[in-house]
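To start, the structure under review is shown below, and the notes come after it.
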Amino acid sequence: MLDIRYIRENLEEVEARLKTRGSGVDLSGFRELDGRRRGLLQETETLKALRNRVSDEISRVKDKSQVQGQIAEMREVSQNIKALDEELRLLEEQLAAFLLTVPNVPSVQTPVGATEADNREVKRWGDIPSYGFTPKPHWEIGEALDILDFERGAKLTGARFTLYKGAGARLERALINFMLDLHTGRHNYIEMLPPFMVNRESMTGTGQLPKFEDDLFHMEGVDYFLIPTAEVPVTNIHRGEILRGKDLPLAYTAYTPCFRREAGSYGKDTRGLIRQHQFNKVELVKFVHPAHSDGELESLLDNAEEVLRLLDLPYRVVELCTGDIGFSARRTFDIEVWLPGQNTYREISSCSNFGDFQARRAGIRFREEEKSKPEFVHTLNGSGLAVGRTLVAILENCQQADGSVLIPDVLRPYMGDMAKIGQAG
RNA sequence: GGAGAGAUGGCCGAGUAGGUCGAAGGCGCUCGCCUGCUAAGCGAGUAUACUGGGAAACCGGUAUCGAGGGUUCGAAUCCCUCUCUCUCCGCCA
């Protein structure tokens, strides 16, 4: 959510910068709504001040028969207040509902562009391997090795669900542990294991609601949602809190499954593990001092990249343009891993700086000093990494001519020293 | 799922025949004093949001005692609904 006063004072600029997102946000109604709200507020508060004063006078008179006039008068004032308050409540509801649908203002550093074609590649790492054979896509590898069972996944649940089996299941678990150990042990994140369902407030705090309810799985009987990313529960850990400046930055990592409806992606990535309704992810989340959020984004990005470097998987980093960044983000870098089976780079992590956008929605503040007044923190998060897609990258990059898959060195301790996944016997 | 108890400021904890309660007291914290050091002691201060004025320091108004609604001139205190926590029973990994 944007600062209402900031919008009020910089209406043209805000509108112009939001326009670079490509989504038509119309702020024309804002000024009028905001003006009416403040006028009404003045009016009702003046009446309340009067009522408070007179009620106080009434309380000091023992013989109430002497103040029947005032009491009658105040009865009328109270009725007016009630009517004005109701009007005000409706206005504020409208204003809040509107503000919750306005996306974040992109950073001035975010490249301006309309689509992902305008994203800016900022680096490449690793050599793209060449093979003496035609590299297969992971779904073929996984089925041939009998470690991924797409048909039974579909039988158990439906499309976009997969059953992992044997070494496949173990590899997924190994990746989760490897990533968590790396981020907690070397990068100093604190591990969290949050609920996988959250309430409406949490979803609103990080920006999934109210606009993107169609992307979420909702429970029947209770107003809870399956989390689409650990960003939601982990960022909301400090919702409504005032943190101490000296505790910042706070860095958390969490493994969770993620659940997404993938509405509107029919026919996209229908084969394999790339786009699932349920997938595993290790997430990185930071709460930082506003002055440091750009630098913290760089280090968070580097922490995520480190996973791929240790696994020796080639990747590139892309900075998303204004037309491609998410609703809540002001700046985003995607990490894309090379997939030889599909001869392309695919997103495996998305690292964003949200500025104070989520902090304002979720009420996450800090005090610089014990006595200074609370300010909103900046929140950041990024995948570190998407586990299923990392498994995909390993299958495709580490495949051998004989159909087996070599396990990256760093994962072997997590795999009972297994060096490769071979043909099922 | 059944029965009961509770939710007050950073924390603990008063306050229930409605007004003098934004809220006693204690702890913590900040600043100052005192003290050979430490501890103790003394004094002052110590919520947030919105809003009006002001260049600012700051001053004024309103709201907030789990959330929402009601009664009343006036609600932390009375009534209703909801949420959460705790205890006991049942069920259960």
Side-chain angles (χ1 to χ4, degrees), chain A residues 1-9 30-100 193-205 209 219-225 233 236-248 250 257 287 356-377:
Chain A
M1 189 158 58
L2 301 178
D3 182 2
I4 188 164
R5 271 171 300 192
Y6 180 76
I7 303 180
R8 188 183 297 150
E9 285 156 25
F30 170 84
R31 183 154 281 175
E32 205 252 325
L33 221 54
D34 180 54
R36 265 170 57 207
R37 169 178 169 265
R38 283 189 294 162
L40 223 66
L41 199 60
Q42 289 279 98
E43 209 178 325
T44 183
E45 286 188 354
T46 305
L47 288 179
K48 283 177 183 172
L50 172 70
R51 182 179 68 185
N52 287 346
R53 211 190 67 235
V54 175
S55 288
D56 192 57
E57 282 164 19
I58 292 171
S59 76
R60 270 185 290 235
V61 175
K62 293 248 169 53
D63 180 3
K64 300 297 186 219
S65 67
Q66 290 181 354
V67 289
Q68 284 310 310
Q70 276 104 312
I71 288 179
E73 208 180 311
M74 286 310 107
R75 186 176 300 147
E76 210 166 300
V77 168
S78 272
Q79 265 157 19
N80 279 336
I81 289 171
K82 205 177 203 176
L84 288 172
D85 270 349
E86 177 61 14
E87 208 179 320
L88 190 63
R89 192 185 61 79
L90 287 171
L91 253 172
E92 289 190 327
E93 225 167 63
Q94 272 181 59
L95 200 58
F98 169 70
L99 285 175
L100 284 174
L193 184 59
F196 301 159
M197 293 182 213
V198 297
N199 58 30
R200 202 166 273 278
E201 290 71 50
S202 294
M203 283 294 185
T204 306
L209 292 180
M219 297 294 115
E220 196 173 331
V222 268
D223 196 16
Y224 295 162
F225 298 85
N236 277 282
I237 287 172
H238 294 300
R239 171 154 51 83
E241 295 183 10
I242 300 176
L243 307 169
R244 292 184 302 185
K246 64 179 176 182
D247 292 337
L248 301 182
L250 285 170
F287 302 82
D356 62 9
F357 187 84
Q358 292 182 326
R360 179 169 278 112
R361 287 177 161 242
I364 309 169
R365 293 175 293 172
F366 78 104
R367 278 183 221 277
E368 179 101 55
E369 302 292 336
E370 291 282 351
K371 307 198 62 170
S372 45
K373 98 184 218 106
E375 293 176 67
F376 290 110
V377 299

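Letters go in sequence order (proteins before strands), and every chain restarts at 1.
A straight line from CZ of R200(A) to C1' of C82(B) spans 16 Å, rounded to a whole angstrom. The distance from atom CD of E375(A) to atom C1' of U48(B) is 15 Å, rounded to the nearest whole Å. Following rounding to the nearest Å, L40(A) (CG) and C50(B) (P) show an atom-to-atom distance of 18 Å. Rounded to a whole Å, the CG atom of L243(A) is 13 Å from the C1' atom of G10(B). Rounded to whole Å, atom P of G74(B) lies 13 Å from atom CD of E73(A). When rounded to the nearest whole Å, the span between CD1 of I242(A) and P of U46(B) equals 16 Å.
Between G32(B) and A17(B), the distance separating the two C1' atoms is 46 Å to the nearest Å. Between C29(B) and C91(B), the two P atoms lie 50 Å apart (nearest whole Å). Rounded to a whole angstrom, the distance from the C1' atom of C59(B) to that of G54(B) is 9 Å. Comparing the same atom, C1', in U51(B) and in C27(B) gives a spacing of 35 Å after rounding to whole Å. On the C1' atoms, G66(B) is 16 Å away from A5(B), given to the nearest whole Å. One C1' atom belongs to C73(B), the other to U46(B), and the distance between them is 35 Å to the nearest Å. Rounded to the nearest Å, the gap between the P atom of A7(B) and that of C79(B) is 14 Å. Rounded to whole Å, the P atom of U8(B) lies 16 Å from the corresponding atom of C78(B).
Checking N199(A) against S202(A) by side-chain atom types alone, a donor-acceptor pair falls below 3.5 Å.
Ring planes of F30(A) and F98(A): tilted class, angle from 30 to 60°.
For R367(A), the salt bridge (charged side-chain N to carboxylate O under 4.0 Å, His left out) criterion is met by no residue, not counting sequence neighbours.
Within a 6.0 Å sphere centred on CD of E76(A), other residues, nucleotides and ligands contribute 12 heavy atoms or fewer. Summarising the local packing, OH of Y224(A) is surrounded by 12 or fewer heavy atoms from other residues, nucleotides or ligands at distances under 6.0 Å. Atom CZ of R8(A) has more than 12 heavy atoms from other residues, nucleotides or ligands within 6.0 Å.
Panel note: side chain T204(A), backbone R200(A); a donor-acceptor pair is recorded below 3.5 Å.
Looking at R36(A) and E32(A), a side-chain N of the basic residue comes within less than 4.0 Å of a carboxylate O on the acidic one, giving a salt bridge. Under the 4.0 Å criterion applied to side-chain N and carboxylate O atoms, R365(A) and D356(A) are not assigned as salt-bridge partners.
Regarding contacts with the backbone of U48(B), a side-chain N or O of R367(A) is found under 4.0 angstrom from either OP1 or OP2.
Taking a pair as Watson-Crick or G-U wobble with both distances under 3.5 Å, the runs of three or more consecutive pairs in RNA chain B are B:1-7 with B:83-89, B:10-12 with B:25-27, B:28-33 with B:41-46, B:47-53 with B:58-64, B:66-70 with B:78-82.
When all heavy atoms of L84(A) and L40(A) are compared, the closest pair comes out as O-CD2, 3.9 Å.
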> If the sugar-phosphate is the primed atoms plus P, OP1 and OP2 and the base is the rest, what is the B/S/- string for nucleotides 51-73 of chain B, using protein heavy atoms under 4.0 Å?
Replying inline: SS--------BBS------SS-B
